[in-house]
Amino acid sequence: MGLFDIFRKKKNETVEQEAVSESTEILSESESNSDASEIEQSTAVSESTSTVTQPMMEQVGLVNEDEAKIWQEALDKQKTSTPQLTETETETETETETETETETETETETETTEQQIYDAGLKKSRTGFADRFNRFLANFRSVDEDFFEDLEETLVGADVGFDMAIKISDELREEVKLKNAKRKEDVRDVIIKKMVDLYEADGINEDATMNFAPKGQTTVILFVGVNGVGKTTTIGKLASKYQKAGKSVLLAAADTFRAGATKQLQEWGERAHVPVVAGKEKADPASVVFAAVEKARDENYDVLFVDTAGRLQNNVNLMQELEKMKRIIQREIPEAPHEVLLVLDATTGQNALQQAKLFKNSSDVSGIVLTKMDGTAKGGIVFAIRNEMHLPVKWIGFGEKASDLREFKPEEFVYGLFKELVES
């Protein structure tokens, strides 16, 4: 099943769940009203039976006066004890039902949490994407050259990149005709399906998982990126995640040139209860990395995260500095670094793409961390990175909390971005 088919299936399931939920609420309300009516009728019958039984028995001479008193006392006891028993039974049933409902809610929450997080995190991107496409479709009259020019402009504006915009446009020329798409909705579905299909095709054999050293050895993960993209914050969030997962984590504050970078990382270390290796201000970053690698290896830490400087991406000195760090790491741990993660600010669009190209050429980048996706990011940057860079997005950030940094899941991303554009 292709990614687009998964998307359509997920959308259909969501629509069905919403319909079932509404039906269940209506049925529950109806049953509640019915149960209340039965209880009232039962109570009325019970009371009338209790008041009639004793006098009738006395009238027909089946009992004498003393026996009638005994009957009355028994009936009075029955009236007072029966409601108590009913209440106890009702409370037990209610508790059982509540426990069952709680278990069901917990299971449902576990199943839908990731989808809900992506749904909420991509709300602004989804709205921007939808608005852009709706404006494009508002001018739709026929599939001609003007149509394809407008489409390319719309896609570039959505940050999918010039190359992919042209590629989508070229492949759609025949497909739109074959599908005989004439309605706006049909044209829109064909465009989005083509985007998703190309995105999926570009990702064949892509490894989006994190690479770790063999058990008992230290995994070294190098973080690169320009200042202001959320690099240090990302390290802090991942440190918190892995520490909670039971791994021993060590941080290296090798961004010694940016004012406050070391302090910021130390604050994240305190929050996550993770130690930080730091040097003096303006110290040689490579010396900090050397000290951190030695400590991580000698004290058997599971993971070492290395924060690096992030001056202008075209600064030759910066690239040389990163290469020097890599040599020092490999001198102590030959297989390291096991990951070089490039942190990009998704809201910067094509600038982020240019940064990816420059860092990839000099730093052996193995994966991408996209931050600030809950902001004004247009979403298309994910398509452009895979199409032009062939680099996997491994993490995606939706907010400030550590839990807002999520493993990247293509199915959830596609659904979260397009769900309001494609009909079920």
Side-chain angles (χ1 to χ4, degrees), residues 205-225 229-255 261-262 265-266 268-279 285-310 321-344 359-360 362-371 391-397 402-403 405-409:
N205 298 324
E206 182 180 87
D207 182 12
T209 60
M210 292 288 285
N211 298 310
F212 287 91
K215 190 173 181 180
Q217 298 180 27
T218 300
T219 297
V220 181
I221 300 176
L222 202 64
F223 289 82
V224 299
V229 296
K231 180 159 43 68
T232 305
T233 301
T234 295
I235 294 171
K237 291 176 180 179
L238 281 176
S240 178
K241 279 183 176 293
Y242 284 115
Q243 193 273 341
K244 288 178 181 177
K247 292 185 179 294
S248 55
V249 181
L250 181 67
L251 306 183
D255 184 0
T262 298
L265 192 65
Q266 287 172 331
W268 271 106
E270 289 177 7
R271 288 187 214 173
H273 307 292
V274 170
V276 179
V277 175
S287 65
V288 177
V289 172
F290 177 74
V293 172
E294 271 200 327
K295 180 179 177 66
R297 185 196 57 201
D298 296 345
E299 298 180 21
N300 298 315
Y301 278 91
D302 294 320
V303 187
L304 169 63
F305 290 137
V306 181
D307 191 8
T308 65
E321 191 175 275
L322 292 174
E323 186 60 35
K324 182 179 177 183
M325 288 183 192
K326 185 178 175 182
R327 287 198 304 271
I328 288 172
I329 292 170
Q330 289 179 336
R331 194 168 62 202
E332 304 302 317
I333 305 176
E335 301 80 14
H338 302 87
E339 289 276 6
V340 178
L341 297 181
L342 171 60
V343 183
L344 299 174
F359 272 102
K360 184 183 180 183
S362 60
S363 308
D364 296 326
V365 174
S366 59
I368 302 289
V369 180
L370 268 182
T371 64
L391 283 172
V393 175
K394 298 199 173 188
W395 297 90
I396 188 166
S403 59
L405 185 67
R406 316 296 298 186
E407 290 182 35
F408 182 72
K409 298 184 181 298

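No hydrogens, no waters, no symmetry mates; every other heavy atom, side chains included, goes into these values.
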Atom pair NZ/CG of K326 and D364 - distance to nearest 0.5 Å
3.5 Å
Note: K394 and S366 closest approach over all heavy atoms is CE-O, 3.7 Å
Mind checking what makes side-chain contact (heavy atoms from CB on, under 4.5 Å) contact with A208, not counting sequence neighbours?
P392
Assess whether side-chain contact (heavy atoms from CB on, under 4.5 Å) is satisfied between M210 and T219, documenting all intermediate values.
CA-CA 10 Å; M210 292 288 285; T219 297; over 6 Å; no
Dump the intermediate steps for side-chain contact (heavy atoms from CB on, under 4.5 Å) on L391 and V365, then the final yes or no.
CA-CA 8 Å; L391 283 172; V365 174; 4.0 Å; yes
Which atom of S248 lies closest to which atom of N300, heavy atoms considered
OG-O, 3.8 Å
With sequence neighbours left out, the residues meeting side chain to side chain donor-acceptor pair (under 3.5 Å) with Q266 are none
Distance-minimising heavy-atom pair for I329 and A336:
CG2-CB, 3.4 Å
Report yes or no: does E407 contribute a side-chain atom to a donor-acceptor pair with the main-chain N or O of W395 at less than 3.5 Å?
no
I need the minimum non-hydrogen distance between P285 and M325, along with the two atoms involved.
CB-CE, 3.4 Å
Interatomic distance, CD@E339 vs CG@N211, rounded to 0.5 Å, equals 4.5 Å
Any chance you could measure T218, atom OG1, to D302, atom CG, to the nearest 0.5 Å?
7.5 Å
As an exercise, state the distance from CD of E299 to CD of E294, rounded to the nearest 0.5 Å.
10.5 Å
F223 and T234: CA distance, side-chain angles, deciding distance, side-chain contact (heavy atoms from CB on, under 4.5 Å) verdict
CA-CA 9 Å; F223 289 82; T234 295; 4.2 Å; yes
Report the distance from atom CD1 of I235 to atom CG of L222, rounding to the nearest 0.5 Å.
8.5 Å
Under the 3.5 angstrom rule, does the side chain of T371 hit a backbone N or O of V229 as a donor-acceptor pair?
yes
Tightest non-hydrogen contact, residues T262 and A278, listed as CG2-CB, 3.6 Å
Nearest atoms (heavy-atom pairs only) where I328 meets A286
CD1-CB, 3.2 Å
Any F359 side-chain heavy atom under 4.5 Å of V340 side chain
no
Contacts of Q217 meeting side-chain contact (heavy atoms from CB on, under 4.5 Å) (sequence neighbours excluded), chain-then-number -> A213, P214, E335
Sorted by chain and residue number, the ring-ring contact (aromatic ring centres under 6.0 Å, His included) partners of F408 (sequence neighbours excluded) come out as F413
Just list the side-chain donor-acceptor pairs under 3.5 Å for residues 237-246, sequence neighbours left out, or say none.
{"from": "K237", "atom 1": "NZ", "to": "G399", "atom 2": "O", "distance (Å)": "2.5"}
{"from": "K241", "atom 1": "NZ", "to": "L405", "atom 2": "O", "distance (Å)": "3.0"}

Distance from I368 atom CD1 to I396 atom CD1, nearest 0.5 Å?
12.0 Å
Strictly by salt bridge (Lys or Arg N to Asp or Glu O under 4.0 Å), give each pair with a member in residues 246-255 just once, sequence neighbours left out.
D255-R258
